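In what follows, chains are A, B, ... by sequence order, proteins preceding strands, each numbered from 1. Quick caveat, the model's predicted, so the values are computed rather than measured.
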Amino acid sequence: MSKEKSDRNLPLGLTRGGMLSQLMANISDNIYFKDSEGRIVFLNSAGARWYGFESPKEVIGKTDFELFSEEHAAAASSDEQRIMATGEPIIGIEERETRRGGSTTWASTTKMPLRDDDGRIVGTFGISRDITARKEQELTIRRLKEQMESELQLAREIQRSFLEPQEVWFPESATGSFRSLHVVHEYRPSGPVGGDFYCLLPLSETCVGLFIADVMGHGVAAALMVSALNAVVRNESARFAAPPEFLEKLNTRLRSFIANNESADFITAFYMIVDTTDGSVRYSNAGHNAPVVLRAGSSEPRALCPRSAIRGPALMLFPDASFKFGEDKLNPGDRLLLFTDGLTEMPSSKGSEEELQIKGLLRLIDGLSHRDLPTLVPDVIASVLALSGQDSFDDDVCLIGVEYCSAST
Amino acid sequence: MPKELSEAKFPVGMTRRTMLQQLMDNISDNIYFMDTSGRIVLISRGGARWLGFDSPEEVIGKTDYDLFTEEHAAAAFADEQRIIATGEPMIGVEEKETWEGGRTTWVSTTKMPLRDDDGKIVGIFGISRDITAHKERELTIRRLKEQMESELHLAREIQDSFLAPREMFFPASPKDSTKSLYVVHDYRPSGPVGGDFYCLLPLSSTCAGIFIADVMGHGVAAALMVSALNAMVRSEWARSVAPPEFLEQLNSRLRGVVSNKDTADFITAFYMIVDTSDGRIRYSNAGHHPPIVIRAGSPQPSALCSKSSIGGPALMLFSGASFKIGEDKLNPGDRLLLFTDGLMEMPSSRGSVEDLDMGGLLRLVNGLPETDLPMLVKNVIASVLGNSGRDSFDDDVCLIGVEYRGPTA
């Protein structure tokens with residue numbers, strides 16, 4: 001017997017054996033030793049109480065099958081057989097125990113192989129701690145979390161139903177060379193639901209409105225505003241108005257929904273009408289980033305309206321906000337990229353404090369400009385992520401690619 | 001020495017003392033004994049390893065102050081001194097341990113007083129188990145739950161801002177000597193956000209529209225539809241149409257905002273226009289429960305109309321749905337109760353599996369004392385809850401009380 005195992009008196013006037021016997025008599029954990037057939041050969045007082053008996057004597061010789069439900073006993077027994085076969089312990093697992101009477105408790109359990117003096121495995125031993133109260137609390141929290149998650153997944157489906165298909169053509173019914181406008185989008189909410197919105201509004205046989213918006217913040221609150229936005233832009237008479245008037249009406253409407261006008265929420269938006277007969281575009285801007293234009297034959301992408309002169313205030317901030325008007329012309333093969341600021345607010349390189357900004361985005365698009373539209377849009381998303389060294393975006397991201405293919409007739 | 005610690009050989013061919021030695025040598029838990037000044041006098045090998053040492057001998061004589069940060073050691077020492085002073089154990093406490101160098105771990109700890117043969121407390125002993133992995137998972141789940149909760153509470157604020165004040169008059173202008181219509185509501189979403197909606201629409205100087213709706217389901221998905229509803233009914237078109245046309249237009253507009261028509265969602269709604277100059281009301285019903293009318297001077301409440309005679313289909317189900325018109329007349333002092341079906345989908349009596357039906361609700365309303373309108377609304381909610389034997393509703397509930405006080409002066 002080594003020195004540490006001797007029964008010499010320790011400073012407390014207690015022998016080592018005396019201390020261990022106190023441990024067995026008083027600790028609230030269940031400490032048990034079993035033979036190779038799962039019979040309890042040695043057990044402490046708390047262990048006896050754990051199994052519903054007054055004293056350890058009453059439990060000696062019993063197996064799990066006499067103490068627990070068949071199902072739990074079978075599982076515990078097969079664990080013990082495995083420990084004896086492999087010598088591998090089970091450390092700190094949390095398990096539900098069902099008593100024979102049907103009551104259930106949760107235990108944190110460690111089980112080890114029990115070896116005789118020759119090192120041969122002759123049984124198992126373990127310590128189990130009752131963690132029922134803590135575990136039930138944890139399970140309640142887990143259940144609440146899962147309920148909310150499934151609620152948010154349902155909401156995600158509703159929100160998806162507000163969005164356009166990922167790839168659309170205008171005119172919708174046209175085929176082949178009669179297809180004038182090709183629109184592809186990527187919508188990546190940072191959570192189940194997002195605060196970005198985009199829609200395509202057919203205004204006539206040849207004119208189409210493109211609307212993109214970004215509600216301040218993200219998550220459910222922003223998604224409620226997106227739902228309101230969707231209802232307004234698809235229904236209002238404003239739909240047929242010129243871009244400045246469209247944004248002015250939208251601003252007034254959005255303010256009117258909120259009984260309490262003190263809320264500091266705002267929405268940035270960009271609205272553009274494309275006349276597909278000649279490629280002329282008219283647009284207005286409510287605090288949003290200007291789209292990027294890629295001209296056919298010129299590789300240099302640039303902002304559609306770099307002058308801040310066209311940019312008006314974000315929606316919902318001021319009661320009588322007014323908006324200016326910008327004009328431009330698309331030639332066949334020209335492309336536009338509209339986006340929300342979740343894209344440009346990504347780090348400009350891995351771990352960088354600096355944001356990508358428009359400048360960085362333009363550089364990045366420059367390197368991808370030869371790709372066709374359905375490839376370009378997802379590739380821009382992938383390159384921004386790759387550059388940032390992140391797996392996902394911090395904020396909601398919406399990117400829309402528009403190609404003016406040919407004049408409609 | 002108690003019998004259970006005698007040296008008798010057990011079926012496994014080991015003495016109790018050897019088994020306890022195995023416990024101390026092999027268990028992964030930290031089993032330790034300390035004197036009254038916090039010095040470790042005996043520790044399991046697992047405990048020594050936990051503390052970063054190869055063998056128990058290296059730890060003997062050390063205190064928490066030699067092993068943990070000052071802050072953690074001070075807290076643990078205070079606990080131990082309290083156990084020594086009071087004899088009260090600490091059972092299954094989860095503690096965060098901060099180590100020199102900043103590393104943190106979690107343990108589940110049980111600490112007990114250690115007594116000498118005379119019963120005098122001479123130190124403490126305990127068992128600590130590493131629960132870091134479980135705890136970190138639990139904390140992640142808890143954090144996600146709390147994030148979602150705070151997100152939902154933000155959404156609730158947005159949704160609250162859509163709702164009319166709890167008590168309203170029509171006409172709203174405070175200069176009017178006679179407030180012709182008095183409207184009080186109680187809105188109780190079953191979660192942070194709800195799928196019920198109500199609004200009062202001023203249509204002219206004498207006419208007001210009262211709209212109530214209930215989106216199928218509840219939670220965030222339903223709240224998104226409420227947000228869309230709110231945006232639509234507060235638009236210009238809604239001010240100038242009769243009740244059947246109001247519901248017809250709303251139906252086609254709602255169907256228009258959802259690009260994916262496969263969603264099986266539907267919305268029940270009731271719309272009523274009150275002409276306050278003579279108390280005449282016109283209404284249409286989209287699958288909603290008819291309001292209850294309580295005539296002045298007649299104590300017997302009744303349904304305003306039967307569900308089948310005026311009822312049309314719920315909104316969003318059919319394109320081109322059409323609705324009938326119902327007419328009635330209110331006399332000064334007459335009251336209406338409009339409500340969503342969360343009010344009726346309660347047990348018809350304590351413990352009953354049957355829902356309250358219109359007859360049951362009318363009986364409950366009939367039994368209420370005569371009071372002012374806000375009290376009436378309060379009493380209806382309280383009596384439905386009291387009748388069901390529940391503390392709260394399972395579904396969202398919206399109840400609106402309307403009182404006609406005579407023609408506008």
So which of L154(B), L144(B), L23(B) has the biggest tally of heavy-atom pairs under 4.5 Å with chain A? L23(B)
Closest non-hydrogen atom pair between A155(B) and V220(A), with its separation: CB-CG1, 3.3 Å
If I measure from the heavy atoms of chain A, does M34(B) come under 4.5 Å with its side chain, its backbone, both, or neither? backbone
Minimum heavy-atom distance T110(A)-S28(B), with the two atoms named: CG2-OG, 3.4 Å
Answer yes or no: is there a side-chain heavy-atom contact under 4.5 Å between N26(A) and R115(B)? no
Most heavy-atom pairs under 4.5 angstrom with chain B, which of Q159(A), M112(A), K111(A)? M112(A)
Does R16(A) reach the side chain of Q21(B), with side-chain heavy atoms less than 4.5 Å apart? yes
Contact winner vs chain B - L152(A), V193(A), I141(A), heavy-atom pairs under 4.5 Å: I141(A)
Scored by heavy-atom pairs under 4.5 Å with chain A, the best of E157(B), E151(B), H153(B) is E151(B)
Would you indicate whether the side-chain heavy atoms of D130(A) and I91(B) approach each other to under 4.5 Å? no
Any donor-acceptor pair under 3.5 Å linking the side chain of H134(B) with the backbone of S108(A)? no
Smallest separation among heavy atoms of A228(A) and A231(B), with atom names: O-CB, 3.6 Å
Would you indicate whether the side-chain heavy atoms of L14(A) and F33(B) approach each other to under 4.5 Å? no
Do V41(A) and M19(B) come close enough that some side-chain heavy atom pair is under 4.5 Å? yes
Pairwise distance CE(M19(A)) to CE(M24(B)) - rounded to 0.5 angstrom: 8.0 Å
Q22(A) and F125(B), any side-chain heavy atoms less than 4.5 Å apart: yes
Under 4.5 Å from any heavy atom of chain A - which part of I31(B): side chain
Keeping the roles fixed (side chain from R129(A), backbone from S108(B)), state whether a donor-acceptor pair exists under 3.5 Å. yes
Is it the backbone or the side chain of E149(B) that comes under 4.5 Å from a heavy atom of chain A, or both, or neither? both
Between CD1 on residue I127(A) and OG on residue S44(B), distance to nearest 0.5 Å: 8.0 Å
Approximate separation, where rounding is to 0.5 Å, of I91(A) CD1 and D29(B) CG: 8.5 Å
Roughly how far apart are R234(B) CZ and L254(A) CG, rounded to 0.5 Å? 13.0 Å
Rounded distance [0.5 Å steps], CD in Q159(B) versus CG in L224(A): 6.5 Å
Do E236(B) and R253(A) meet the salt-bridge criterion of a basic N to acidic O distance under 4.0 Å? yes
Do you know which of S227(A), G217(A), S55(A) has the most heavy-atom pairs with chain B at a distance under 4.5 angstrom? S227(A)
Nearest 0.5 angstrom please: R142(A) CZ to K145(B) NZ, how far? 13.0 Å
Under 4.5 Å from any heavy atom of chain B - which part of I31(A): side chain
Taking side chain as everything from C-beta outward and backbone as N, CA, C, O, which of these in P113(B) sits under 4.5 Å from a heavy atom of chain A? Side chain, backbone, both or neither. backbone
Beyond-backbone contact of E151(A) with M148(B), side-chain heavy atoms, under 4.5 angstrom: no
